[in-house]
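I have placed the structure first, in the form of structure tokens, so that the comments after it can refer back to it.
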Amino acid sequence: MHIKGGFEKAKKYIESHSKLGQDKLPQGPCITISRETGAGSDVVAENLIDFLKSKIKNKEVNWSVFDRNLLEKVIEDHNLPLSLNDYFSAENRSKFTNMINELFGVHPPMWTVIQRMSSTILNIAQVGYVVIVGRGSNIITAKLKNSIHVRLVANLEDRIKHIQEHYSIGRKEAIEFIKKEDLSRKNYVLNNFKKQIDDPLLYNLIINTSLVSYKDTAEIIGNYVIKRFPELFEISL
């Protein structure tokens with residue numbers, strides 16, 4: 001995802017939902033995507049957003065994709081996460097605080113990067129109409145009724161090809177990148193949430209993008225979302 005363009009979309013998303021408030025817009029779906037490096041989460045996420053936009057009843061609703069880099073950028077801009085405060089009731093804010101405390105075991109004396117990341121993810125997820133990629137988002141949002149969790153996998157050769165094309169690098173560099181990223185993601189989830197990232201019980205859907213195209217993957221996820229939230233979407237008979 002291009003960070004500058006993605007950040008502008010994220011800003012528009014947060015500001016629009018802050019203005020609308022809970023009373024004017026029903027809670028939307030939050031789809032989290034965990035992925036093996038190179039399994040095509042970037043393409044799938046964008047295709048998924050386009051699919052859901054085409055099916056949603058309220059065409060004025062803003063959707064957004066948040067990946068690791070964009071979440072970090074949002075956290076840097078304090079006005080964006082804080083602007084969501086008006087959206088939430090005091091009861092919800094208290095509930096989120098309790099959920100963060102439960103995740104990390106104790107109430108922290110000060111926010112660490114990971115705790116701030118988790119808090120931002122939880123706030124965005126509660127609003128919905130969003131796809132969140134990585135950062136243990138499936139674990140952070142596991143208790144939210146509007147969350148749906150997806151894991152993307154693919155064979156190594158396909159992942160190498162995708163990384164080569166995406167970053168315009170050679171095969172050797174792509175292999176090293178995949179090894180480093182996969183290990184980093186595994187350790188991030190294990191060290192911070194005490195979970196195994198490839199545990200199938202953490203996900204509603206696991207899709208092999210070597211066998212299912214990115215577009216079809218997005219539509220499979222999208223149709224599952226529509227089935228879970230039929231009141232929000234136009235359903236063809």
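In this structure, CG in L152 is found 9.5 Å from CG in N208, a value given to the nearest 0.5 Å. The structure places NZ of K145 at 10.0 Å from CD of Q27, a figure rounded to the nearest 0.5 Å. To the nearest 0.5 Å, the span separating CG on L232 from CG on N58 amounts to 9.0 Å. K55 NZ to E234 CD: the interatomic distance, rounded to the nearest 0.5 Å, is 8.5 Å. With rounding to the nearest 0.5 angstrom, the CD atom of Q196 is 9.5 Å from the CG atom of L202. Atom CG of L48 is separated from atom CD1 of I33 by 6.0 Å, given to the nearest 0.5 angstrom.
With hydrogens and angles disregarded, no donor-acceptor distance shorter than 3.5 Å links the side chain of K215 to the backbone of N47. Side chain of N146 to main chain of G28: a donor-acceptor pair is present (N/O by atom type, distance under 3.5 Å, no hydrogens or angles). For the pair S213 (side chain) and D216 (backbone), a donor-acceptor distance under 3.5 Å is present.
Cluster membership for F193 and L183, using ILVMFWY side-chain heavy atoms within less than 4.5 angstrom, is not shared. With hydrophobic clusters built from ILVMFWY side chains whose heavy atoms lie under 4.5 angstrom apart, Y167 shares a cluster with I175. I132 and I206 fall within a single hydrophobic cluster, where Ile, Leu, Val, Met, Phe, Trp and Tyr are joined by side-chain heavy atoms under 4.5 Å apart, directly or via other members. I163 and V153 fall into different hydrophobic clusters, where Ile, Leu, Val, Met, Phe, Trp and Tyr side chains are chained together by heavy-atom contacts under 4.5 Å.
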Worksheet item: Would V150 and Y224 satisfy side-chain contact (heavy atoms from CB on, under 4.5 Å), going step by step from the backbone distance to the final call?
Response: CA-CA 11 Å; V150 179; Y224 181 74; over 6 Å; no
Discussion item. Between T37 and F177, is the side-chain contact (heavy atoms from CB on, under 4.5 Å) condition met? List the steps.
Written reply: CA-CA 8 Å; T37 306; F177 180 85; 3.8 Å; yes
Practice prompt. Under the side-chain hydrogen bond (donor to acceptor under 3.5 Å, both in side chains) rule, what do N138 and S34 come out as? Steps first, then yes or no, please.
Written response: CA-CA 8 Å; N138 60 310; S34 171; 5.4 Å; no
Worksheet item: Could you walk me through whether E181 and R185 pass the salt bridge (charged side-chain N to carboxylate O under 4.0 Å, His left out) check?
Response: CA-CA 6 Å; E181 282 294 302; R185 293 170 188 176; 3.5 Å; yes
Item to complete: Evaluate the side-chain contact (heavy atoms from CB on, under 4.5 Å) criterion for residues T32 and C30: first the C-alpha distance (whole Å), next the side-chain angles of each, then the deciding distance (0.1 Å), finally the verdict.
Response: CA-CA 6 Å; T32 71; C30 165; 4.1 Å; yes
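Considering only heavy atoms from C-beta on, Y188 stays 4.5 Å or farther from I197 through its side chain. In this structure, V130 and V65 have side chains that are not in contact, with every pair of non-hydrogen atoms separated by 4.5 Å or more. Taking 4.5 Å as the limit, every side-chain heavy atom of K195 sits out of range of all side-chain heavy atoms of L190. Using a 4.5 Å cut-off on side-chain heavy atoms (C-beta onward), T209 and V212 make no contact. Residues H149 and T141 meet the side-chain proximity criterion, which asks for heavy atoms closer than 4.5 Å. With contacts defined as side-chain heavy-atom distances shorter than 4.5 Å, the pair I31/S147 does not qualify.
Classified by interplanar angle (parallel below 30°, tilted 30° to 60°, perpendicular above 60°), the ring pair W63/Y129 is perpendicular.
The salt bridge (Lys or Arg N to Asp or Glu O under 4.0 Å) test with R171 singles out one residue from E176, E157, E165, and that residue is E157. Exactly one residue among N204, V131, L52 makes a side chain to side chain contact (heavy atoms under 4.5 Å, CB included) with V225. That residue is L52.
For K227, the NZ atom sits in a loose shell: 12 or fewer heavy atoms of surrounding residues, nucleotides or ligands are nearer than 6.0 Å. A 6.0 Å sphere centred on NZ of K59 holds more than 12 heavy atoms belonging to other residues, nucleotides or ligands.
Here R159 pairs with D182 in a salt bridge; the nearest charged N to carboxylate O distance falls below 4.0 Å.
Across all non-hydrogen atoms, the minimal contact from H162 to Y214 is ND1-OH, 3.2 Å. S210 approaches D158 most closely through the heavy-atom pair OG-OD2, 2.7 Å.
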